[in-house]
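Heads up: the structure comes next, in structure tokens.
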Amino acid sequence: MGSVQVSDLKKHLGETVELRGWQYNRRGSGKLLFLQFRDGSGTVQVVVSKKDVPEDVFETAKRIGNESSLIITGLVTEDTRSALGVEVQLKTLRVLQEVHDYPIQITEDVPNIDKLLDVRHLWVRSRTPHAILRVRSEVEQAIRDFYYQRGFVLFDAPIFTPASCEGASTLFEVPYFEDKAYLTQSGQLYGEAGAFAFGKIVVFGPTFRAEKSKTRRHLTEFWMVEPEVAFLELDGIMDLAEEQVRYVVCRVLERCKEDLKVLERNTAILEKVAEPFPRVSYSEMQDVLQKLKAEFAASSDPELVKLSADILKNGLGDDLGAADETAVGLHYKRPVMIHRYPSAVKAFYMKRDPANPDYVLCVDVIAPEGVGEVIGGGQREDNMDLLMKQVEKHAIPLQSINWYLDLRRYGSVPHGGFGMGVERCVQWITGCQHVREAIPFPRTIYRTNP
RNA sequence: UCCGCGGUAGCUCAAUGGUAGAGCAUCCGACUGUUAAUCGGCAGGUUGCUGGUUCGAGUCCAGCCCGCGGAGCCA
């Protein structure tokens, strides 16, 4: 008799099977015990009846604490009272390790995420983190499938880089033999090299930002997927971003139903990705935000009134603030694409809009429900002279970027792409409160442990 | 870096300047259909650190440490 997985138990109705895993929880009485048994694939209720098992087996089952590791055998029976629809009538019980002081208790809420993150290595066993990280796994697989199916070449960018790609953002400096190196904050520049070699590439890897951000949307280490395509212009880039988000969300809706149920996620808002994403220019958005500001100020909801005060706080020509993004999310209730920002607030490599050189051909995708920017990208400046002006303006050291300028010297073409933060995407899809919950071991300004 | 909030039992939180408490978890016990089971009991503390005010400080004051939320910046 081989072991079976909890997720496959329905195929073994009426059979006696072996299960290997851990006790998640126990309820019961003096003569009847209900072990919640998990093996990673799922959780099943194991019934231990005093009259059906030897005395010592019953006493052991009654004694062992949560997260004791077990190998059991039992009869698989149908039972509508059990969440899974089946349960297991215990026959034999082998305890690999008996545990009595597991530090996490079974609760549904997350009262203090920081305390739980101290024991993240154990917390990942619990119901909610388990569901979120399963969704993350599906998101990452969906991303890979999406690009693979479309003929993109997976083009890994280096982690050690010579210097800043984007100027202002803070980089992690690390000793590198006799020299210094920096952890990458974007694989994009390398992606552009790949696009000119393979046509369509995608960079998928970790990214590091030494920003001292302490919000539920920020990590110092996060995963980013960055497609880059030769001969693709802004409209095409927006099409790609929209299709990719739609594909990923639909995959999760289709394949992670149970996890979304565990997370009590309202899927109605996710299903709206089937509809076209609104595409609004920065300039048009100013008018929309003006209207929203007035509308929210007149609202009876004090939260909206408070939000209203911060809308358009940064003024015309500046980047949108967090309140603006929240308002956009509340208004459209689905991902929104904002394009053609003022060039002053965007990176040096963004291509000028020929129709109005004060703006650049970029696009941000704003997720609703307070998650904010999940995608940032656009068309790259492909003209050597214009690019050089920006390099000088941003005071980017030539020696670290000279290789990149070669891409404009030898066969430059219109091209572009974007970067999507995997954790922000997972945060939105799962509806989890902190982006920290969307990665197995989050790294933040004050946490590198465990 | 700036603004705001917090640190009391393993966890979540109480405690007009006057004997540090509850719920949950652990441990012990009861219960044959429980769904975060329920019920009874035992145990559990240098109240973040240092100093000050006071007859008396978890509480008031000063400094420090640590964390959380937000702004900025970003994905």
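Every value quoted in this text rests on a predicted model; they were computed, and no experiment measured them.
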Integer-rounded Å distance: B/C24 P and A/N25 CG
15 Å
I'd like the C1' distance from B/A14 over to B/C64, given in whole Å.
27 Å
For A/F441, I'd like to know if atom CZ has over 12 heavy atoms of other residues, nucleotides or ligands within 6.0 Å.
yes
For B/G56 and B/U19, measure between their C1' atoms and round to the nearest Å.
12 Å
Distance, rounded to the nearest Å, where A/Q45 contributes CD and B/A37 contributes P
10 Å
Between A/K214 and B/G69, is there a side-chain N or O to OP1/OP2 distance below 4.0 Å?
no
Categorize A/K306 for me: base, sugar-phosphate, or nothing, with a 4.0 angstrom heavy-atom threshold over every strand shown.
nothing
Once hydrogens and angles are ignored, does a donor-acceptor distance under 3.5 Å link the base of B/G69 to the side chain of A/Q433?
no
Taking only the C1' atom of each, what is the distance from B/A25 to B/G44 in whole angstrom?
11 Å
What closest approach, in Å, do A/E173 and A/Y182 show between heavy atoms, and which atom pair accounts for it?
OE1-OH, 3.6 Å
Students often get this wrong, so: under 4.0 angstrom with heavy atoms, is A/L219 touching a base, only sugar-phosphate, or nothing?
base
Below 4.0 Å: OP1/OP2 of B/U12 and any side-chain N or O of A/K115
yes
Polar side-chain atom of A/R424 near backbone of A/E373 as donor-acceptor pair, under 3.5 Å:
yes
Under 3.5 Å side-chain donor-acceptor pair for A/T92 and A/T73:
yes
What class does the angle between the rings of A/F172 and A/F208 fall in, given that below 30° is parallel, 30 to 60° is tilted and above 60° is perpendicular?
perpendicular
Does this structure show an ion pair linking A/E242 with A/R279, if we count only N-O contacts that are shorter than 4.0 Å?
yes
Taking any heavy-atom pair under 4.0 Å as a contact, classify A/Q427: base, sugar-phosphate, or nothing.
nothing
Scan side-chain atoms only and decide if A/D39 and A/S41 contain a donor-acceptor pair under the 3.5 Å cut-off.
yes
If the cut-off is 4.0 Å, is A/R216 near the phosphate of B/G70, judged by side-chain N/O to OP1 or OP2?
yes
What contact category does A/G65 fall into here, base, sugar-phosphate, or nothing, at under 4.0 angstrom with non-hydrogen atoms?
nothing
Please measure how far the C1' atom in B/A43 lies from the corresponding atom in B/A22, and state the result in whole Å.
16 Å
Are A/Q286 and A/Y282 close enough that a side-chain donor and a side-chain acceptor fall under 3.5 Å?
yes
Looking only at side-chain atoms of A/K212, point me to the closest of B/U1, B/A30, B/A71.
B/U1
C1' atom, B/C5 versus B/G48: distance in rounded Å?
16 Å
Out of A/Q188, A/H394, A/E192, which one pairs with A/Y349 under the side chain to side chain donor-acceptor pair (under 3.5 Å) rule?
A/Q188
Nearest-Å distance once atom C1' is located in both B/C60 and B/G17
8 Å
Within the pair A/R27 and B/A37, is there a side-chain N or O less than 4.0 Å away from OP1 or OP2?
yes
In dot-bracket form, 5' to 3', how is RNA chain B paired? Count Watson-Crick and G-U wobble pairs only if both distances fall under 3.5 Å, and write | where the partner sits on another strand.
(((((((..((((....[..))))..((((.......))))......(((((..]....))))))))))))....
Over all strands shown, is A/M420 touching base, sugar-phosphate only, or nothing at heavy-atom distances under 4.0 angstrom?
nothing
Between CG of A/D118 and C1' of B/C11 the distance, given in whole Å, is 12 Å
Whether A/R144 engages the ring of A/Y147 as a cation-pi pair (distance to the six-membered ring centre under 6.0 angstrom, angle to the ring normal within 45°) should be assessed.
no
Of the nucleotides B/C74, B/U34, B/U32, which one has an atom closest to the side chain of A/E211?
B/C74
Taking for each residue the nucleotide of RNA chain B bearing the nearest heavy atom, is the 5' side occupied by A/G30 or by A/H218?
A/G30
Distance check needed: B/C74 C1' versus A/M350 CE, whole Å only.
12 Å
Using a heavy-atom cut-off of 4.0 Å across all strands, would you classify A/D310 as base, sugar-phosphate, or nothing?
nothing
Taking the side chain of A/S29 as its heavy atoms from C-beta onward, which of B/A71, B/A75, B/C31 lies nearest to it?
B/C31
Atom-pair distance (CG on A/L116; P on B/A36), nearest Å
18 Å
Gap between atoms CG and P, on A/N314 and B/A71 respectively (whole Å)
11 Å
Presence of donor-acceptor pair under 3.5 Å, side chain of A/R63 and base of B/C28
no
Does the side chain of A/W428 pick up a donor-acceptor pair with the side chain of A/E369 at under 3.5 Å?
yes
At less than 4.0 Å, is any side-chain N or O atom of A/H434 found next to OP1 or OP2 of B/G69? Yes or no.
yes
Between A/S213 and A/G419, name the one whose nearest nucleotide on RNA chain B is closer to the 5' end.
A/S213
B/C73 P sits how many Å from A/E325 CD, rounded?
10 Å
Does the structure show A/F222 stacking with B/A75, if we require the centres to be closer than 5.5 Å and the planes to be within less than 30 degrees of parallel?
yes
Atom pair distance, as rounded to whole Å: CZ in A/R81 and C1' in B/G33:
5 Å
side-chain contact (heavy atoms from CB on, under 4.5 Å) against A/P278, all qualifying residues, sequence neighbours excluded:
A/V280, A/Y332, A/R334, A/V336
Spell out, as yes or no, whether a donor-acceptor pair under 3.5 Å connects the side chain of A/D324 to the backbone of A/G321.
yes
Using a cut-off of less than 4.0 Å, is there contact between a side-chain N or O of A/R436 and OP1 or OP2 of B/G69?
yes
Taking atom P in both B/A37 and B/U26, compute the distance separating them and give it to the nearest angstrom.
10 Å
Looking for any heavy atom pair under 4.0 Å, which part of the strands does A/H100 touch: base, sugar-phosphate only, or nothing?
sugar-phosphate
Reading nucleotides 39-45 of chain B from 5' to 3' and marking B where a protein heavy atom lies under 4.0 Å of the base, S where only the sugar-phosphate is that close, and - otherwise, the string is -------
Any A/R217 side-chain nitrogen or oxygen under 4.0 Å from OP1 or OP2 of B/A71:
yes
Quote, to the nearest angstrom, the C1' distance that separates B/U16 from B/C2.
36 Å
